[in-house]
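What follows is a single structure, written as structure tokens, with notes after it.
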Amino acid sequence: MSAGHAVRLLGAGDVRAIAARLGVRPTKKLGQNFVVEPGTVRQIATLAGPFAPGDVILEVGPGLGSLTLALVEAAAPVPGARVVAVEIDPVLAAELPKTIADRAPGLADRADVIPADALGVTSLEGKAPTALAANLPYNVAVPVVLHLLAGFPSIARGIVMVQAEVADRMCAGPGSRVYGVPSAKLAWYAQARLAGTVPRTVFWPVPNVDSKLVAFTRHDPPVSAASRTEVFTVIDAAFGQRRKTLRAALSSWAGSPDAAERIVRAAGVSPGARGESLEIAEFARIAQAKASLAGGRLQ
Ligand code: SAM
């Protein structure tokens, strides 16, 4: 790496020193557990790559900048590759550009910081993100990933660190005990896989949960005449009462148990099955079958 690309990652002492200087006391409400171990953020940045020229890496919740600096370091050799970081805490968002200028002085123009709630962002100052890389705030991890995949079709892949149980749910397939709403909705957008485990000792403050990395690659959604919203409504209904058969679980959604049975059969799925055994394509077929039956196109 050239001298102009040198990056000084944050260690435990640096993170505590910046937090102390800012008077920051990490809050649980915002999921503020900062990574204090350079090896961990380098691993995440490596998994986020390899980057191509012009890649825009969206980071959610950069905090004090531990992962941001590693992403800037990984992007440095790639022409035009840059990081856009969205941070909800205004104090942290205001400090981050200074931290980058201080610790990656030759690369400060490769990162932008947007002070905003990631759950509300619909544009990134005109930049189209191509990848997501984040140590996510754990209480909103799944909604953030789903919101960004819906709002930014340009995101082709990503790597996120989340609570271990949430990671397992995001990556589970039909038939798994932990397969549920997050698994099925994420499967609409992408293929997700577990990419590693992270000990709680790499954080300050140390959380009371373990963490895992989830990598995902976007794929085309299932072919269906139903909209994503309609399909997601079926998923919510099926898992709202996950121990019940589809005939029972979908009865309110369909209007009655008999109507649910007709729709599910028309979709080629057994009404005696449970949501936990269905692929995303089957949820999509059920949503489409309801519209088709309502239109009199299927009997
Ligand atoms: N990336 C940093 C690291 O690895 O050290 C911090 C990760 S910390 C687990 C989560 C960060 O997300 C915090 O900085 C927190 O303020 C921020 N955050 C929480 N909710 C957010 C939201 N809705 N939108 C954007 N940032 C959020």
Side-chain angles (χ1 to χ4, degrees), residues 7-19 22-48 57-74 83-97 99-100 103 111-125 129 131-149 151-152 158-164 166-167 196 198-214:
V7 176
R8 288 184 300 129
L9 298 181
L10 299 175
D14 304 311
V15 167
R16 281 169 185 273
I18 298 172
L22 297 176
V24 166
R25 296 187 53 190
T27 71
K28 270 203 171 154
K29 187 165 161 261
L30 292 179
Q32 291 178 331
N33 300 94
F34 304 113
V35 176
V36 297
E37 206 273 310
T40 301
V41 286
R42 272 214 174 99
Q43 181 198 3
I44 298 173
T46 301
L47 288 167
I57 305 129
L58 169 58
E59 184 192 2
V60 170
L64 295 168
S66 305
L67 177 58
T68 321
L69 288 166
L71 291 169
V72 166
E73 179 184 70
V83 178
V84 178
V86 175
E87 171 59 57
I88 197 170
D89 185 324
V91 175
L92 302 186
E95 184 66 13
L96 185 52
T99 303
I100 297 169
R103 305 193 67 100
D112 300 290
V113 182
I114 299 177
D117 180 346
L119 283 169
V121 288
T122 51
S123 75
L124 296 173
E125 298 174 351
L132 175 66
N135 169 17
L136 287 171
Y138 285 1
N139 43 353
V140 290
V142 171
V144 164
V145 171
L146 296 177
H147 171 74
L148 296 174
L149 284 169
F152 297 98
I159 177 89
V160 292
M161 179 149 66
V162 298
Q163 184 177 337
V166 174
V198 181
R200 55 184 81 180
T201 48
V202 306
F203 297 97
W204 172 76
V206 177
N208 52 13
V209 294
D210 291 315
S211 299
K212 287 186 182 174
L213 296 167
V214 174

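Counting starts at 1 for both ligands and their atoms, following the listed order.
A donor-acceptor contact shorter than 3.5 Å is absent between the side chain of Asn135 and the backbone of Gly61. Using modelled atom types, no side-chain atom of Thr99 and backbone atom of Gly65 make a donor-acceptor pair closer than 3.5 Å.
Proximity of Val24 to Glu95: side-chain heavy atoms (C-beta onward) are nowhere separated by under 4.5 Å. Counting heavy atoms from C-beta on, the side chains of Val84 and Ile114 come closer than 4.5 Å.
Scanning all heavy atoms of the two residues, the minimum distance from Ala45 to Ala70 falls at CB-O, 3.5 Å.
Ordered by chain and residue number, the residues placing a heavy atom less than 4.0 Å from ligand 1 are Leu30, Gly31, Gln32, Asn33, Phe34, Val35, Glu59, Gly61, Pro62, Gly63, Ser66, Val86, Glu87, Ile88, Asp89, Leu92, Ala116, Asp117, Ala118, Asn135, Leu136, Pro137.
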Exercise for review: Could you give me the CA-CA distance, side-chain angles and deciding distance for Asp14 and Arg8, then say whether salt bridge (charged side-chain N to carboxylate O under 4.0 Å, His left out) is met?
Suggested key: CA-CA 10 Å; Asp14 304 311; Arg8 288 184 300 129; over 6 Å; no
